[in-house]
Amino acid sequence: MNGRFCGIVAYCSILFTALAAFCGAPIWTALFGASILLAISLSEQRKFATRFAAIGSSHVLSMAAWQSAGHALMATGAAWVLGTIVKLAYPIL
């Protein structure tokens, strides 16, 4: 996948997580957005797997995968919190 498409998909997953929270979805819906962000991140990291394995530093990529999972959860969790705050501030639905 190219970078622009991945960026658009990542942006949309965060936006839809915030929209889901605004519509009253439970917090576990943030996991859907986090899984999309993690999949994008892992596909980008996979490009470097052969290079890192050649120099004997494949453990760096495994730690980066855990870090990406944490970042994905934080990003979608923050989007869910933002959607909930906006729902409380503007009770439209």
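No experiment lies behind these values; they were computed from the predicted model shown. Side-chain atoms are counted along with the backbone in the values below, which use heavy atoms only and exclude waters and symmetry mates.
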- [ ] Please answer whether the main-chain N or O of Ala72 pairs with a side-chain N or O of Thr76 as donor and acceptor at a distance below 3.5 Å.
- [x] yes

- [ ] Can you measure from OG (Ser35) to CD1 (Ile40) and round to the nearest 0.5 angstrom?
- [x] 10.0 Å

Task: Sub-4.5 Å side-chain heavy-atom contact between Leu73 and Leu31 - done: yes

Compile the donor-acceptor pairs under 3.5 Å between side chains in residues 7-29 and protein atoms, sequence neighbours left out, one pair per line.
{"residue": "Ser13", "atom": "OG", "partner": "Ala10", "partner atom": "O", "Å": "2.8"}
{"residue": "Thr17", "atom": "OG1", "partner": "Ser13", "partner atom": "O", "Å": "2.7"}
{"residue": "Thr29", "atom": "OG1", "partner": "Pro26", "partner atom": "O", "Å": "2.6"}

Task: Closest non-hydrogen atom pair between Gln45 and Ala64, with its separation - done: NE2-O, 3.5 Å

Task: Verify same cluster id: Met63, Leu42 (apolar side-chain graph, 4.5 Å) - done: no

Task: From CD (Gln67) to OG (Ser41), nearest 0.5 Å - done: 9.0 Å

